[in-house]
Structures are given as structure tokens and as C-alpha cells.
Amino acid sequence: MPELPEVHTIVTDLKKFIPGLKITDVWTDIPKFKKIKKDVMGKKILGVERRGKNILIHLSQRSDLKKNPKGLILGKTIIVHQKMTGHLLYGKYQKSNSKFQKWIPVEPEELKDPFNRFIHLVFSLSNPSNSSGQAEKHLALCDMRKFATVAVIPTEKVSDKFQKMGPEPFDKNFNFKKFSEIIKSKGGKIKSVLMDQGIIAGIGNIYSDEILWLSGVHPQRKTSGLKESELKKIYQAIKPVLKKAIWARGSSYIDYRDASGKKGRYQEMQKAYGLKGQKCKKRGCGGIIERIIVGGRSAHFCPKHQIL
DNA sequence: TGCAGTGTTGCTTC
DNA sequence: CGAAGCAACACTGC
């Protein structure tokens with residue numbers, strides 16, 4: 001579900017909503033999330049960031065600082081990876097009256113979308129300046145397949161955690177020289193290499209297909225055999241494809257939803273992914289999009305203008 | 001009905 | 001070393 005454009009959209013939305021709010025409760029029905037509560041209770045949200053496909057939520061220092069006068073006590077960071085079907089949703093929820101105490105969305109209306117049910121983790125957030133404790137909001141992780149991961153680590157360890165992750169496509173230092181250097185450092189098929197988070201951060205199955213369609217490079221081409229001109233075309237396709245997808249607020253080809261539960265629109269603009277059997281959208285091309293398996297993932301390409 | 005397929009990643013196996 | 005297979009899980013579509 002979430003690749004760089006989708007995660008970017010969620011993070012920019014959350015940046016508007018949650019900094020300054022305090023975590024007043026944590027609920028979950030999945031054992032692997034049970035330990036989160038004690039690390040985050042009472043902490044204030046300082047900011048939200050994206051690294052690759054990860055959402056980083058930075059928290060204040062311990063609220064019981066006075067009880068721990070010794071040593072340096074630093075803040076924590078919640079790291080959310082949505083994997084395939086995770087949604088991170090911000091809104092107002094309430095517990096149902098049923099004995100299962102299911103969480104149900106109150107607002108906004110989009111949270112009632114069927115793809116937004118499967119709620120497995122809920123952070124209760126309240127505004128510290130509002131002493132009534134009312135108008136409480138929630139940050140909910142909804143995930144049909146339960147693949148999503150949530151880790152809480154000391155903020156100072158965040159850079160270690162992403163030590164082995166490749167550069168961000170929009171980083172100033174990500175230029176053609178750097179790109180060709182890291183691509184050539186890894187053997188194998190270009191599609192798999194583009195999707196390797198240790199090479200470049202944030203590109204997944206949809207956008208690797210879209211980038212290669214635009215560059216006119218076959219997904220199974222070996223990186224070692226790519227000409228300089230082809231590498232350049234791939235490099236020059238990455239930012240425009242991701243930028244357009246960010247502009248469209250991500251692809252809801254399947255079930256992606258933004259932080260308010262709304263769909264993106266990039267699926268309407270896709271050129272390759274999911275378009276098997278359809279006429280290639282490249283002007284005057286006339287190819288028919290094929291679907292093959294590359295590195296165990298489905299790859300979509302035009303056999304006429306992406307030649308092996 | 002049943003099984004292949006789904007945007008991710010990491011671990012195991014060969 | 002790399003490549004391939006598979007597991008985590010639940011649902012959709014052919």
C-alpha cells in the first residue's frame with residue numbers, strides 16, 4: 001500500500017493535526033503492540049517525519065522527569081511501517097457498547113469507509129491546554145492483514161535504525177552521480193534494485209513500474225548492462241513520477257487512504273501498474289501492457305517501448 | 001468452491 | 001555471495 005508518495009501524504013497531514021497533542025491512552029487488540037503503551041503514555045507529540053516508507057512520530061521527554069533527576073533522559077520516537085494494508089488515521093472515535101468494545105469512527109465521515117475498519121491500535125490524544133480533557137481525538141492504526149509494525153525507540157537511536165537505508169529521492173545530495181554509483185553497486189534486475197530500500201528509500205512495486213515505463217527500460221534488465229543514457233532516463237523519471245503521485249495524494253489502486261480516510265487519485269494516472277492487457281498510454285506506441293513476475297513481485301511493462 | 005493474487009519486508013534455503 | 005521461496009494475515013476476484 002504505502003510507498004513514498006502515500007507515506008508523504010499521511011505525514012504532511014499528520015504534521016498539521018497532531019504536534020502539541022498529548023498521548024493520554026493507548027489501546028490495542030494485538031499482542032505485539034501491547035508494550036507500546038508504557039513507552040508513550042503522557043508524552044507530548046513534538047513532530048512528524050518520513051524516512052523511506054516509515055512514519056516517525058517524535059515524542060517529548062518523560063513526563064515524570066522530576067522523579068528521575070539522574071542522567072540524561074531523552075525523548076522517544078514512534079516508528080510506524082504500514083507494510084501492505086496499514087492505515088494511519090486521525091479523527092474522532094468512540095468505543096461501541098458491544099462487549100467486544102470495538103472502536104468505531106465518529107468523524108470525519110470518510111473514516112467509515114469499509115477499508116478503514118480493522119482497527120488494531122488506538123492512541124488517545126488530547127490538547128494539554130484544554131484542561132477539560134474534552135474534544136479528544138484519536139490516532140488509529142487500521143490494518144486488515146496485521147503486517148504493520150510499530151516500534152518505539154529513543155529518538156537519538158533513529159539515525160542508527162536507518163543507517164542502512166538508501167538516500168531519499170528528494171535529498172539535495174541525490175544527484176545523477178550518486179544514483180548511478182549506487183545502482184551499479186548492486187547486481188540484479190533493475191526493478192528489484194529500484195525497490196531495494198538499501199539502495200533508494202521509498203520506491204515500491206507501483207512506482208518502480210511507473211518509473212521504468214516512463215524511462216522506457218524493461219524491468220528485467222540487469223543493472224550491469226544498463227547504458228549511461230538509460231541510467232539517466234531512469235534517474236530523470238524518479239522525481240517526476242513521485243512528485244506527480246504526491247500531487248495526486250498517492251495511489252488508492254487498492255485500499256490506500258490518507259490520514260483522514262480519503263482516497264488518493266494517482267491510480268487514475270497510472271501508466272503501467274495494474275494495466276495488464278490495456279493499450280500502452282505512450283503516444284503512438286501501440287503496445288499492450290504485460291504482467292510478469294520479477295523478483296517475486298508482479299511487474300507491468302510495455303513490451304514495445306521497454307525492450308529486454 | 002478454491003486458489004491465485006495483493007502495495008512489504010525479513011528470514012530461511014539452496 | 002545471490003536468488004528464490006516463504007511466512008506473517010485477511011480478503012477479493014476469477
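Predicted, not measured: the structure shown is a model, and the values here were computed from it. First the proteins, then the strands, lettered A, B, ... as listed; each starts at 1.
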Peer 1: Identify the residue among A/Trp27, A/Phe123, A/Phe17, A/Trp103 that makes a ring-ring contact (aromatic ring centres under 6.0 Å, His included) with A/His138.
Peer 2: A/Trp103
Peer 1: Need to verify one output field. Residue with the more 5' nearest nucleotide on DNA chain C, A/Met84 or A/Arg117?
Peer 2: A/Met84
Peer 1: What residues, two or more places apart in sequence or in another chain, satisfy ring pair (Phe, Tyr, Trp, His ring centres under 6.0 Å) together with A/Tyr253?
Peer 2: A/Tyr273
Peer 1: Contact class for A/Tyr256 vs. all strands (heavy atom < 4.0 Å): base, sugar-phosphate, or nothing?
Peer 2: base
Peer 1: Does the protein touch nucleotides 9-14 of chain B at the base, only the backbone, or not at all? Give it as B, S and - per nucleotide, heavy atoms under 4.0 Å.
Peer 2: B-----
Peer 1: Can you check the A/Ile79 CD1 to B/dT8 P distance for me, whole Å?
Peer 2: 19 Å
Peer 1: Scan residues 182-209 of chain A for pairs that pass ring-ring contact (aromatic ring centres under 6.0 Å, His included), counting only residues two or more places apart or in two chains.
Peer 2: A/Tyr207-A/Tyr266
Peer 1: Considering only the C1' atoms, how many Å lie between C/dG5 and B/dG5, rounded to the nearest integer?
Peer 2: 16 Å
Peer 1: For residues 212-229 of chain A, which residue pairs pass the side chain to side chain donor-acceptor pair (under 3.5 Å) check, not counting sequence neighbours?
Peer 2: A/Arg221-A/Glu230
Peer 1: Could you pull out all residues at least two apart from A/His8 that satisfy ring pair (Phe, Tyr, Trp, His ring centres under 6.0 Å)?
Peer 2: none
Peer 1: Checking all strands, does A/Gly188 fall into the base, sugar-phosphate, or nothing category for heavy-atom contacts under 4.0 angstrom?
Peer 2: sugar-phosphate
Peer 1: Can you check the A/Lys191 NZ to B/dT8 C1' distance for me, whole Å?
Peer 2: 12 Å
Peer 1: With sequence neighbours left out, write down each residue that passes side chain to side chain contact (heavy atoms under 4.5 Å, CB included) with A/Leu275, or none if nothing qualifies.
Peer 2: A/Gln278, A/Lys281, A/Ile289
Peer 1: Listing request: all ring-ring contact (aromatic ring centres under 6.0 Å, His included) pairs with a residue in residues 36-57 of chain A, at least two apart in sequence or in separate chains.
Peer 2: none
Peer 1: Respond yes when some side-chain nitrogen or oxygen of A/Thr85 is under 4.0 Å from OP1 or OP2 of B/dT6, and no when none is.
Peer 2: no
Peer 1: Please list all pairs passing the side chain to side chain donor-acceptor pair (under 3.5 Å) test where one or both residues lie in residues 285-308 of chain A, with sequence neighbours left out.
Peer 2: A/Asp209-A/His300
Peer 1: Distance check, C1' atoms only: C/dC1 and B/dT8, in whole angstrom units.
Peer 2: 24 Å
Peer 1: At a heavy-atom distance below 4.0 Å, which nucleotide of DNA chain C is the first touched by chain A, and which is the last?
Peer 2: C/dA3 to C/dC11
Peer 1: Mind checking if A/Asp143 touches a base, just sugar-phosphate, or nothing, with heavy atoms under 4.0 Å?
Peer 2: nothing
Peer 1: Take atom P in B/dA4 and the same atom in C/dC6, then report the distance between them in whole Å.
Peer 2: 12 Å
Peer 1: A/Arg249: which residues meet the salt bridge (charged side-chain N to carboxylate O under 4.0 Å, His left out) condition with it, sequence neighbours left out?
Peer 2: A/Asp13, A/Asp258
Peer 1: State the dot-bracket string of DNA chain C. Criteria: Watson-Crick or G-U wobble, both atom distances under 3.5 angstrom; notation: ( ) intrastrand, [ ] crossing earlier pairs, | interstrand, . unpaired.
Peer 2: .|||||||.|||||
Peer 1: With sugar-phosphate meaning primed atoms plus P, OP1 and OP2, does A/Ser298 contact a base, only sugar-phosphate, or nothing at under 4.0 Å between heavy atoms?
Peer 2: sugar-phosphate
Peer 1: How close do A/Asn205 and A/Ser208 get, counting heavy atoms only, and between which atoms?
Peer 2: O-OG, 3.1 Å
Peer 1: May I have all residue pairs that pass side chain to side chain donor-acceptor pair (under 3.5 Å) and include part of residues 154-164 of chain A, sequence neighbours excluded?
Peer 2: A/Thr77-A/Thr155
